[in-house]
> 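I'd like to ask you about the structure that follows.
Sequence lines set the chain letters: A, B, ... in the order given, protein chains first and strands last, and positions in each chain run from 1.
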Amino acid sequence: MSTETSTTKGSDDLEHEEHTHGGTDKQYFQIFWILVVLTALEVSTEWWDEWFGEGSRPIAVFVLITLMIIKFFLVASYFMHLKWDTPILKRIFYFGMIVAIAVYLIAMTSMNFWTDSGTTEFNDPPPAPPPVEASD
Amino acid sequence: MGDLMYEEVEDLEFPDDIHVTSTGISNEKLGMWVYLASDCLLFGGMISTYLIYKNRPAQIEGLEGGDIIPSQFFDIPFTSMTSFILLMSSLTMVLSVNAIMRGDMVRMRLWLVATTVLGSMFLAGQAYEFTIFYFDDGLGFTTNVATSAFYALTGLHGVHVLIGVIMLLTMVGISYRRKMHAEAVEVVGLYWHFVDIVWVVIFTVVYLIP
Amino acid sequence: MRNKRSATIWTGIALVVVLFFGWLLVRDIGLPGGRALTTLSPQGPKAQEIQNLIIPVFLVAGLVFVLVQVGLVWLVVRFRRHKDDRDGVDEPEQVHGNTKLEIGWTIVPAAVLAVLAVFNVQTTLAMDNADDPLEITVIGNQWWWEYRYDLEGDGVVDIITANDAAIPVGRDIVFKIQSNDVIHSFWIPALAGKMDAVPGRTHQRVMRADEPGIYQGQCTEYCGLSHGVMRMQVTAYEPDDYDTWIEAMTTAPAQPDPDDELAIAGQELFVTQCSFCHQVNGLDPNSSAPFEYSDLPDPDYGASIDIPLASGNAPNMTHFMMRPYMVGGLLPAYEGLSRGGGGDQRTVAEPIPSGTPEENNLKQWLREPESIKPMNPDNNQGMPNYNLTEEQIEQLTAYLLTLK
Amino acid sequence: MAITEQTPLELTTGEDRTSSAGDPMGVFARPRANTGWRSWVNTVDHKKIGIMYGVASFFFFLVAGVEALMIRTQLAVPGSQLLSADLYNQVFTMHGVTMVFMVVMPLAAAFANYLLPLQIGARDVSFPRMNALSLWIWLSGAIFFNTSWFLGGGADGGWFNYAPNASVTFSPGFGIDFYAIGLIIMGIGSTVSAVNLTVTVLNMRAPGMTLMKMPVFTWMMFITQVLLVFALPVITVALLLLSFDRIFDAAFFDASKGGDPFLWQHLFWIFGHPEVYIMVLPAFGIVSEVIPVFSRKPIFGYPFMVGSGIAIGFMGWGVWAHHMFASGMGQMSILAFSLATLFIAVPTGVKVLNWLATMYGGRLRFNTAMLFSVALVGMFTIGGLSGVSHAFAPADTQQTDTYYIVAHFHYVLFGGALLGLFSGMYFWWPKVFGHFLGERLGKWHFWLTLIGFNLTFGPQHILGLQGMMRRTYTYFDDQGFSTWNLVSTIGSYIIAISVLVFMWNMGASYRKHRRERVDPGPDPWDARSLEWMVPSPTPEHNFDETPVVEEFDEFWHRKYGHDENGRLVRIAKTSDVAQTGQNANVHLPSPSYWPLVIAISMPLIGYGLIFNLWWAVPGAILLIAGCYGWVMEPSTDPAGGHHHDDHDPEAGPPDAAVAELAKGEDLETGMSNGTDDGGPESSTTEEAPVG
Ligand code: HEA
Ligand code: HEA
Ligand code: CUA
Ligand SMILES: [Cu+2]
């Protein structure tokens, strides 16, 4: 796109180099509309129960997560220029993100988040092993 | 991250002295990205807290504080609107960046103001949502862990948006006062988009997946 | 040449020093007598399994330790710069690295650890195995422990006692560990490792004693003011003795002798003053004499009576004098027991204690509880000082001594 | 706003700056002082900031050390009544927190600040003003935290402050509020500094200084900063939840309302384990500098040194729950974390063995710095091995919360981190202050430290295995702990003496220097990395000309070559390759008051949150004023010294300034090297961390 119109006097050459990244307004609008559509789709899951019955719940969750990830990457790659910028930025950011996701998922798993059956014993520790074999 | 660096070594060789920074990226931009990466862990922590607590009061009998949880009261159409507004503000933000890259200060300022307005609308929406929760639905901050976690998470995000709005306004102010470097707008933009994608996650994980 | 010789000498000296300290350590470890809490003298299978894991670990670690330290001393001596060395002339060869070596000393430790890891996995998985276990619920409170026995497994709590858990020898016990206030940790080093008591959760620890005796324990998760003196014991009885103990604990204590005026007065005082916190099975703080004891404790006593305690509970006193120790395992209740749990106590376990009570300990506790154990009754943590008169103390003591 | 109005439409990127950019904005005139205390208060010079970090953390070392002595004195004999249980609990908590957050971390930050720019051949860090900001924020947080002693008692929850013991119900005093808010404040400071230094290492390297040519110290510091960047937000979350619980009556950790005490534990240790490597990696870096210099050999296996550092940094994220083996997590979690922990010994072992290999065949000169480094190798290994022994989960259920753990972590923290930092002090003292630390007293210091340290913490292994649990304010004579406790206490006093010797040494060396100035010259140790190229003490502008780096250990290679047998030969005199520090015509960032103003606002807000929200108002006002002043203040004072009239960094991107400069002047002199902080951009980077 046309980033190169009038830039700082002494640094024309630099600006050219630096700003070969970034999309055009048109591109951004396109991305935006995609995002709008995806969001609409996301919001629609709210009524899937009515439309497709209770059974659609897991699919809805799956769709939601997928759409979330797509939206995330669309914004990050286009609006935040990661697509065009030096890879180092991408690496730093996604490294942080991956650490965050990994660490917190592990912590939640360790807290039995997925198997919590909702009793007064929070995140029920795994049931005691059956009193079987003698220990020694 | 370091072994990523290993491969990086080659690209980081100084081609010539034109690049003043070793990576070719300005300090500000790099710093902002490093900060954003760090913020991932901040929001990650808050989101996990919410996830762990969201259904507890309703699921577990005998807890003090009652069994109402925020997700019973979500108004999805309304929140969809505010989410949409925030998404739109991301668009105006990039348009603003493009404008200043073209040297078009008028448009830049226009889009910046638009972003500010949209961001403020989002905040207003959130404030409205909070008042409904609080006064009509009886969800206090201290009602139970689910409500506390909800307010803490969305509140933290709201504070980020607020800071973003202040930064945008500052940019507008400064643009009247002295010459601006296009990258300054871009860096603020990064922050703004980040706040937006965090909301993308929150909106999905908190609002849409009950 | 000179280099090598002095290197040997110095290495030798270092070795001697290290061995000396090693010997001191081993010698000290070999003396578990007087060390009631030592982790190095397992008395039950679970603790033994841990020991079996830890010994190879210590051996490997010891080997690495010796190699590194001796190597270090040797390097220091062998390659030290000499006075006559000249810069720019007597320079060492400039070695930058050696990939084979590097890979070697990445893989070798990894391999060693991988082998040990197998034992680690085995032992970890074996920790919870139990054969026909007896379940005892342990509840941590600031700063004492409560035990609950549900003997028939019918959901009715048959026995509530404090600080001293009785178990039969030779049977796997599953302790169900809970907490009423903050996090504590339940630990009987001679029998098994620790397990935290976390509010809102139930954890478990399996252990078994092979010999009768009193096994000392200590709360090991920092739990506030008196964490340092929050003790407990597990007393292991021969199965017969254990049955005797159960028998005694499930019958209501005898009413104090009507002639014993002190005790009768003490009982009245206890009901009006103390039973707002302390349960004696059957006594009702709101009723007046004659008082009735009952066989069964009320597990919801703390909740049913408005006790201003942070943990909501105080020790059940029904069979107070059945315990070898009192006050969170801190004070001996009978003569001949030591305060620190030192000495060889494994022989003194009688199902129904017959020794001479340490009355003075009890009196001191009633006179000035905070002198024995730091507590914070202003914040509803622990037992307040009721400024009892000496007479009242005599009465209460007389009464409490009847609770067997 | 006092802005010079301009016709908006005319302002575009391409235009000249308006004249107003030079006006000092806000209340204060732009600080100019170059000498006296003022020059310290408003400095943005990374060297001065580094020194201040050092001084402040040494002060806190004394504070925490006296607390340690109180602990040891109390435990010297059984049944001691010296400290009440309450006081004891406060003392060990404050000791732990102070040592970790106010001694080791900032002391490492002192080295990082001073040395990173020098080692990579830069003028300064990437954001000098933010650098000052992080110092002051950290310091105000640290002071804030320690004032709790005078305002109702210190924190008493232990340094990891487990919920729910930390809730208002069980700890009604203010201590834990100070803990939560103090650590949040210090965390903000550390985050700012970590971002800053990360960017510095990535962005500010001299030409040719690729990542794999950076000194090991720089590498370890870099990894440390990256760990900080990612670890601090996690504890911030935990602390925020804790303060919501305590101050606004939420129930995040209150089990009766559904709060989960495990959440705190996970959050704390997700931070806490990376934190321990944050504390030790800087020391590893120092040792990796000192040993090669005094062995007169390059570091053995440089890529492996770097790689293992990275591996430690990585693996450090996956082992946190080894602090929770007895907490009652599920068996699978225990197994997973136990195995992960085991293998962290591998990269650490690589480091240890590489140090040994570096010494092998060398020509070891035992200066005090070297002594400390060599001692670190030995002592850290002991700590590491005990660490491995409780990585075995079942074993740990016997060891956790006993003195065996206390022994472990003092061996790695004192025997690792602190010995390394002492080594670094002796090593870089001449570079920083222009005179040596006395060697004779240094040796005394070293031997007393080594002996005292082993006497103090060695017996604690035994005590722990014998069942003495930690955090106990007393024990009884018939528990069998008496002998070794007494030994341990005696040891701690020997450490205290050694610290006094060290302080004496600092004073004496300075006085000696005043009497008979002996210039250590730029390169007193015949060392290897770039910081030894500049005169000692480092001139304000660091390098007269930015070095162009061709090799790892660039400076060494400028001095030495190899003959055909691989032996060293001198190829240049140090004086020929070192710089003179004469070039005064270098453009430097200007000092500023605003960092201090912003930093002061934070504890004010903290006191407000604890005692009365109204008191937070002045703090908030100060904060806003500070941010405003900061944003409006140009990063360079046009009227200040060292200014080139022909350009102004505000006039364009930093690149432009230099490129422009490069055309006119000699390419290397007067290069501003991208040090540009402030201007509009800084408004983002500065405000962001506050959020
Ligand atoms: C600088 C800080 C530091 C460092 C570097 C370490 C390093 C390690 N730590 Fe430590 N640790 C602490 C600081 C540190 N720790 C602190 C402060 C606590 C207590 C917190 C609290 O409770 O208050 C703690 C507690 C702690 C625990 C919890 C104990 C408990 O509370 O129950 C565990 C358990 O696994 C552990 C393990 C390890 C391991 C495996 C390493 C490894 O990284 C060590 C690796 C090093 C070596 C092994 C030596 C060199 C290697 C060789 C020579 C190769 C050959 C070796 C073999 C084949 C074995 N540490
Ligand atoms: C880097 C970290 C670090 C360092 C260096 C130290 C250093 C020391 N530590 Fe500590 N320590 C911790 C980190 C550290 N510690 C942590 C994290 C805990 C856990 C806390 C918790 O459980 O929550 C702990 C806990 C801890 C305990 C256990 C307390 C308990 O569990 O009950 C003990 C007991 O011996 C102890 C002792 C010491 C001693 C004797 C020193 C000595 O090495 C100190 C040496 C320093 C000095 C002696 C200072 C010299 C000062 C002077 C000479 C006075 C001069 C005075 C003036 C000029 C005014 N420390
Ligand atoms: Cu209970 Cu410590
Ligand atoms: Cu750890």
> In Å, rounded to the nearest 0.5 Å, how long is the span from CG of D/L240 to OG1 of B/T49?
10.0 Å
> Can you tell me how far the OG1 atom of B/T142 sits from the CZ atom of D/F244, to the nearest 0.5 Å?
13.0 Å
> Of the listed residues (B/G45, B/S148, B/G164, B/C40), which shares the most heavy-atom pairs with chain D below a 4.5 Å separation?
B/S148
> On a heavy-atom basis, which atom in D/F230 and which in B/S38 lie closest, and how many Å separate them?
CE2-N, 4.0 Å
> Quick one: are B/L41 and D/I270 in side-chain contact, heavy atoms under 4.5 Å?
no
> Report the relative orientation of the aromatic rings in D/F252 and B/Y53; use parallel for angles under 30°, tilted for 30 to 60°, perpendicular for over 60°.
parallel
> Rounded to the nearest 0.5 Å, how far apart are CE of D/M204 and CG of B/L30?
11.0 Å
> Strictly distance-based, threshold 3.5 Å: is any side-chain N or O of B/Y35 a donor or acceptor partner for the main-chain N or O of D/V195?
no
> Hey, is OH on B/Y134 packed in by over 12 heavy atoms from elsewhere, all under 6.0 Å?
no
> Tell me if a side-chain donor or acceptor on B/S22 pairs with a main-chain N or O of D/R205 at a distance below 3.5 Å.
yes
> Among D/L232, D/D245, D/V237, who wins on heavy-atom pairs under 4.5 Å with chain B?
D/V237
> Determine yes or no for a side-chain-to-main-chain donor-acceptor pair under 3.5 angstrom, with B/R56 supplying the side chain and D/G258 the backbone.
yes
> I'd like to know which of D/L263, D/V234, D/L267 tops the heavy-atom pair count under 4.5 Å against chain B.
D/L263
> Given B/M46 and D/L241, is the side-chain contact (heavy atoms from CB on, under 4.5 Å) satisfied, shown in steps?
CA-CA 9 Å; B/M46 280 294 183; D/L241 299 182; 4.1 Å; yes
> What's the separation between atom CG in D/L202 and atom OG1 in B/T23, rounded to the nearest 0.5 Å?
6.5 Å
